[in-house]
Amino acid sequence: MNKGKKIYEGKAKIIYATNDKQLVIQHFKDDATAFNNLKKAKIEGKGVLNNRISEHLLLSLSQCGIKTHLIKRLNMREQLIKKAEIIPVEIIVRNLATGSLTKRLGITEGTILSKPLIEYCYKSDDLGDPLVSIDHIFEFNWADRKEIETINELSLRINDILTGMFKAINIKLVDFKLEFGRAWNKDKDKNEIILADEISPDTCRLWDAKTEKKLDKDRFRKDLGNIIQSYQEVARRLGIMPEETNIKEVNFGKPTSVKFKKK
Ligand code: UDP
């Protein structure tokens, strides 16, 4: 598989073309951003851990019948994935109230929701990924009714599977973000909805079940320190502390640079 030119660079990942039109390479960077790009840092080793954690979670989901974009992990920072047309809607699944939900609606932090709550955000950095209703999605043709039905069903199944996986290692899956895309299914000769992007401590809130210690990107957002150590802890509990991650080689230190942009 030949790595071609860069097709897209996002905040935490880069996508490269390959010599196969249906496949691309997803590269995990060490860059971290929060608050709509206002806070930035390079966290050495984060890309390696997210690559490995996301690979493990997506493989586990595909073993449960969820179709994902992942073909295989290529190396410490890269995965070979199916090219998909990303639906410009982020799906947020929440089990406990925290983050923007508590701020927006004044809900008490940590409230256990009676059932998983799904929210939709329009994927736009310029607009700060605003919360949208299901009717916005249809009105602006971001996805059709059948696609949203599939996406909702998949999101709830993913939540069930991941909640169980994390519970087994004493971690509460508080909330997370999913992205879906349309990819070509050769056998069916049509596009189908598949899970895309990544699932990692960058995109989930993960709390230690006993102490409620945060083991996710909130450590960066809230300046709690020990970011990499927490991501490593998640990998360790999942039983996948990457064998090829030579800790001496990859400097798991403090963020090397934290910049705040003026508003
Ligand atoms: N999330 C994400 N990317 C985003 C927005 C949210 O991965 O652009 C994840 C976030 O890590 C959390 C969940 O989605 O696990 C819900 O985030 P929330 O809406 O509370 O946003 P925040 O408080 O981070 O602004």
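Keep in mind that the numbers below use all heavy atoms, side chains included, and drop hydrogens, waters and symmetry copies. Read the numbers this way: they start at 1 and go in the same order the structure lists the ligands and their atoms.
Here the protein heavy atom with the shortest distance to atom 12 (C) of ligand 1 is D175 OD1, 3.1 Å. What sits closest to atom 11 (O) of ligand 1 on the protein, heavy atoms only, is R221 NH2, 2.9 Å. Among all non-hydrogen protein atoms, the one lying nearest atom 6 (C) of ligand 1 is I92 CD1, 4.0 Å. Nearest non-hydrogen protein atom to atom 4 (C) of ligand 1 is E90 OE1, 3.6 Å. Remark: minimum distance from atom 22 (P) of ligand 1 to any protein heavy atom is reached at R205 NH2, 3.6 Å. Looking only at heavy atoms of the protein, atom 3 (N) of ligand 1 is closest to K177 CE, 3.6 Å.
When non-hydrogen atoms are compared, ligand 1 lies under 4.0 Å from neither the backbone nor the side chain of C121.
By the 4.0 Å heavy-atom criterion, E119 is excluded from the residues contacting ligand 1. Put simply, part of D202 is less than 4.0 Å from ligand 1, judged by heavy atoms.
Shown in contact with D129 at under 4.0 Å from a heavy atom are these atoms of ligand 1, numbered in order with element: 8 (O). In the vicinity of G99, heavy-atom distances shorter than 4.0 Å reach the ligand 1 atoms 20 (O), 23 (O). Ligand-side atoms of ligand 1 in range of F176: 14 (O), 15 (O), range being under 4.0 angstrom from any heavy atom.
Side-chain contact check for K213 versus W207: every heavy-atom pair is 4.5 Å or farther apart. Looking at heavy atoms from C-beta onward, N152 lies out of side-chain contact with L156 at the 4.5 angstrom threshold.
In this structure, D30 contributes its side chain and G47 its backbone to a donor-acceptor pair below 3.5 Å.
Ligand 1 has a nitrogen or oxygen under 3.5 angstrom from a nitrogen or oxygen of S100.
Residues E78 and K72 are not paired through a salt bridge, judged by the lack of any N-O separation under 4.0 Å between the basic side chain and the carboxylate. Of the charged side-chain nitrogens involved, none lies within less than 4.0 Å of a carboxylate oxygen, so that K146 and E149 do not count as a salt-bridged pair.
For the residue pair R94/S100, the side-chain donor-acceptor check at 3.5 Å is satisfied. Between T211 and D208, the side chains place a donor N or O and an acceptor N or O closer than 3.5 Å (distance only, hydrogens not considered). In summary, the side chains of D202 and Y231 do present a donor paired with an acceptor at a separation below 3.5 Å, with no hydrogens or angles considered. Side chains of D125 and N37: a donor-acceptor N/O pair is absent below 3.5 angstrom, by distance only.
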